[in-house]
Number of protein chains: 2
Amino acid sequence: MLLAEASEKIRAGLRERALIIVVGLMGVAYEGRAASTLGPGERLLIIKQDGSILVHRPLGYEPVNWQPPGSKIDVYLVDDYMVVEARRISPQEILRIIFHEIYEVYLFKLSDSAELAMYATEEDMKRAILADPSIIEEGFRPIEDERKVGESGFIDIFGVDGEGNLVVVEIKRRNATAADVKQLINYVDGIERELGKRPRAIIAAPGIQKSAVKDLKVYGVEFKCLTPKKCREVLRKKGGLERFID
Amino acid sequence: MLLAEASEKIRAGLRERALIIVVGLMGVAYEGRAASTLGPGERLLIIKQDGSILVHRPLGYEPVNWQPPGSKIDVYLVDDYMVVEARRISPQEILRIIFHEIYEVYLFKLSDSAELAMYATEEDMKRAILADPSIIEEGFRPIEDERKVGESGFIDIFGVDGEGNLVVVEIKRRNATAADVKQLINYVDGIERELGKRPRAIIAAPGIQKSAVKDLKVYGVEFKCLTPKKCREVLRKKGGLERFID
DNA sequence: CCTTCCGTTAGGCTC
DNA sequence: GAGCCTAGCGGAAGG
């Protein structure tokens, strides 16, 4: 495909706010927060209506270079090359794609209004615990969620156990780290200062980093294994129940 | 395009290990570490030779769903749909794309052997300081890089200043945080325990978070503004010099 | 606007 | 293989 012809088609796509797919032989230069160069190779360029731009190599999940939505995109011919330039300000960044050859340019006007439904985020894990507190332990009763503690931040779930002891629960959807344990200790300290009584501290996560295990004993924190998957099942069961009751 | 025809073309692409681009009306279901569903919409599907797979909506820099390299990809017809399935084990995950309509399928055999050259990573900033220590301060002399400190971790650069004082330098390519300052203090404490002498602590970064500024005074840490860009220039000059000497 | 925190983080490195 | 850290992280939520 001739570069002049291709550049016209790309400009048309930009005007029409189409999704633009370009396949060809291109080099890439990026300068901004960091800087990178990539010599010529056969790649896939995607330009979206919102100004996002992605350069994909034949291998790998991630784009090799990109620019997020809102970038200003220009196309021009210089010597025997076609250049696509994507600029953004704040941070000042420029991505320049230099085409040596263009194999194909495709334009699409796509419509997609569906909403992504994502399950078992950390938020969902909290909802699962509130829906069925026994997954933390038998007799656990939540009192508050997102309780503020001094300057430290927010407790995921604050409650009482079967014996009437205060309990602070910290939720993580990934393995808990030493930093997580320390944050939880901050909360416990804050509550102790506030209410004059030291609560139990429970970290609920799918696992815990080995390096953090010793901190559990040192600081008297309890670990409760709780996976996102388990929470998904709890929410599903609860969802099913609600549907049945309605 | 007929679904049967499309599925044959995609299978051919998989056999030939081609880059496959599919545009059409599709729904998406993902289940693995988390789970998500997305109703039908017009999207772009990319399947790469290495088994990476990406679903892109008309807007946004990020794929809405994906699977990293190494996924096992299957295509089959069921009722009036074509399904593309990408599975991986460890973690067990499945991505299922259900096509209602297919507008286009494109196959490409791309060759790309260029090497990405990235400048001014944190590693490069360290190299720049080692190449020209005066960018930290006049008279600074590095002794060691990546020096281990007890259990705390590794010092980026350990050296002495013009007066013969020990200096610990911590490098960040982004604004320094309070956590960075505290980590640096850990190192300084470690060195003091080890060598019986408290070194100066310098954090070299393009900036520092407002909330961390007070910690500088509290803990006696010095801040030296050093941008990736500046380091890039130092390395370029040094590269030029080396080229001249050789 | 800046800061903090989560992510199907991914990817790379070490043990 | 698992654990741990970095990233042009991106993105969202909160101040």
Side-chain angles (χ1 to χ4, degrees), chain A residues 28-36 52 54-55 60-71 86 88 90-95 116 118-126 146 148 151-154 156 171-180 183 206-213 228-229 232, chain B residues 28-38 52-55 60-71 86 88-95 116 118-124 146 153-154 171-180 183 206-213 228-229 232:
Chain A
V28 188
Y30 155 77
E31 177 134 14
R33 286 167 293 179
S36 72
S52 346
L54 305 160
V55 179
Y61 145 83
E62 284 185 314
V64 64
N65 283 106
W66 70 90
Q67 207 70 280
S71 310
R88 66 193 289 219
S90 177
Q92 175 100 12
E93 291 192 299
I94 182 162
L95 177 64
L116 180 71
M118 170 86 78
Y119 307 106
T121 58
E122 194 175 291
E123 178 64 26
D124 290 322
M125 293 179 72
K126 189 167 72 184
E146 299 292 311
K148 196 172 190 323
E151 297 299 303
S152 312
F154 291 84
D156 287 330
I171 306 165
K172 291 292 161 190
R173 79 178 306 289
R174 34 110 184 132
N175 286 4
T177 66
D180 298 330
Q183 187 186 30
I208 180 155
Q209 291 186 357
K210 251 180 218 159
S211 53
V213 171
K229 190 161 195 155
R232 237 180 286 155
Chain B
V28 188
Y30 156 77
E31 177 132 15
R33 285 163 294 179
S36 72
T37 58
L38 179 61
S52 346
I53 184 165
L54 306 159
V55 180
Y61 145 83
E62 285 184 314
V64 64
N65 284 105
W66 70 91
Q67 204 74 272
S71 310
R88 66 194 287 220
I89 16 184
S90 174
Q92 176 103 9
E93 290 192 299
I94 182 163
L95 177 63
L116 180 71
M118 170 87 78
Y119 306 105
T121 57
E122 194 174 291
E123 179 63 25
D124 289 323
E146 298 293 309
F154 292 82
I171 307 165
K172 291 292 162 190
R173 79 178 307 291
R174 35 109 183 133
N175 286 3
T177 67
D180 297 329
Q183 187 186 33
I208 181 155
Q209 291 187 356
K210 255 180 217 160
S211 55
V213 171
K229 190 162 193 155
R232 239 178 284 156

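A quick note: this is a predicted structure, and the numbers were derived from the prediction, not measured. Just so it is clear, the values below take in all heavy atoms, side chains as well, and ignore hydrogens, waters and symmetry mates. Here is how names work: the chains are called A, B, and so on, in the same order as the sequence lines, proteins then strands, and each is numbered from 1.
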With heavy atoms under 4.0 Å as the rule, sort [X] into base, sugar-phosphate or nothing.
{"X": "Lys229(A)", "answer": "nothing"}
{"X": "Gln67(A)", "answer": "base"}
{"X": "Thr177(B)", "answer": "nothing"}
{"X": "Arg173(B)", "answer": "sugar-phosphate"}
{"X": "Glu93(B)", "answer": "base"}

What is the distance, rounded to the nearest whole Å, between atom [atom1] of [X] and atom [atom2] of [N]?
{"X": "Phe154(A)", "N": "dC6(C)", "atom1": "CZ", "atom2": "P", "answer": "13 Å"}
{"X": "Glu123(A)", "N": "dA12(D)", "atom1": "CD", "atom2": "P", "answer": "16 Å"}
{"X": "Glu31(B)", "N": "dT8(C)", "atom1": "CD", "atom2": "C1'", "answer": "11 Å"}
{"X": "Arg88(A)", "N": "dG8(D)", "atom1": "CZ", "atom2": "C1'", "answer": "9 Å"}
{"X": "Glu122(A)", "N": "dC6(C)", "atom1": "CD", "atom2": "P", "answer": "5 Å"}
{"X": "Leu38(B)", "N": "dT8(C)", "atom1": "CG", "atom2": "P", "answer": "14 Å"}
{"X": "Asp180(A)", "N": "dG7(C)", "atom1": "CG", "atom2": "P", "answer": "12 Å"}
{"X": "Arg232(A)", "N": "dT8(C)", "atom1": "CZ", "atom2": "P", "answer": "11 Å"}

Using the [atom1] atoms only, state how far [M] lies from [N], rounded to an integer number of Å.
{"N": "dG8(D)", "M": "dC4(D)", "atom1": "P", "result": "23 Å"}
{"N": "dA10(C)", "M": "dC6(C)", "atom1": "C1'", "result": "14 Å"}
{"N": "dT6(D)", "M": "dG10(D)", "atom1": "C1'", "result": "15 Å"}

Between Ser36(B) and Ile208(B), which residue's closest nucleotide on DNA chain C lies nearer the 5′ terminus?
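Result: Ile208(B).
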Measure across Pro228(A) and Ala120(A) and return the closest heavy-atom pair with its distance rounded to 0.1 Å.
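So the minimum-distance heavy-atom pair works out to O-CB, 3.6 Å.
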Please determine whether any donor N or O and acceptor N or O are separated by less than 3.5 Å between the side chain of [X] and the base of [N].
{"X": "Asn65(A)", "N": "dG8(D)", "answer": "yes"}
{"X": "Tyr61(B)", "N": "dG10(D)", "answer": "no"}
{"X": "Glu62(B)", "N": "dG7(C)", "answer": "no"}

From the list [options], which nucleotide is the closest neighbour of the side chain of [X]?
{"X": "Met118(A)", "options": "dA7(D), dT8(C), dG8(D)", "value": "dT8(C)"}
{"X": "Gln209(B)", "options": "dG11(C), dC4(D), dT3(C)", "value": "dT3(C)"}
{"X": "Trp66(A)", "options": "dG11(C), dT3(C), dG8(D)", "value": "dG8(D)"}
{"X": "Pro69(B)", "options": "dG11(C), dC5(C), dA7(D)", "value": "dG11(C)"}

With a 4.5 Å heavy-atom cut-off, do Glu122(A) and Asp156(A) have their side chains touching?
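SC-SC contact between Glu122(A) and Asp156(A) confirmed.
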Arg174(B) side chain near Arg33(A) side chain, heavy-atom distance below 4.5 Å:
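No, their side chains stay 4.5 Å or more apart.
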Specify the residue among Ser211(A) and Tyr30(A) whose closest nucleotide of DNA chain D lies further upstream toward the 5′ end.
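Upstream on the strand: Ser211(A).
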Between Lys210(A) and Leu95(A), who's closer to the 5' end of DNA chain D by nearest nucleotide?
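Looking at the nearest nucleotide for each, Lys210(A) comes out on the 5' side.
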Would Arg88(B) and Glu93(B) pass as an ion pair if we require N to O under 4.0 Å?
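Answer for the salt bridge query: yes.
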First locate atom CZ of Arg232(A), then atom OG1 of Thr121(A), and finally report the distance between them rounded to the nearest 0.5 Å.
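Interatomic distance, Arg232(A) CZ to Thr121(A) OG1, rounded to 0.5 Å: 10.5 Å.
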For the atom pair CG (Leu116(A)) and CG (Asn65(B)), what is the distance rounded to the nearest 0.5 Å?
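Rounded to the nearest 0.5 Å, the CG-CG separation comes to 6.0 Å.
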Does a side-chain N or O from Arg33(A) land closer than 4.0 Å to OP1 or OP2 of dG10(D), or not?
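Affirmative; the distance criterion is met.
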Does a side-chain N or O of Lys172(A) approach OP1 or OP2 of dC5(C) to a distance below 4.0 Å, or not?
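Indeed not, no polar side-chain atom of Lys172(A) lies that close.
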Taking ring pair (Phe, Tyr, Trp, His ring centres under 6.0 Å) as the definition, give me every residue that meets it alongside Tyr61(A), ordered by chain and number, with sequence neighbours left out.
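By the ring pair (Phe, Tyr, Trp, His ring centres under 6.0 Å) rule, Tyr61(A) matches Trp66(B).
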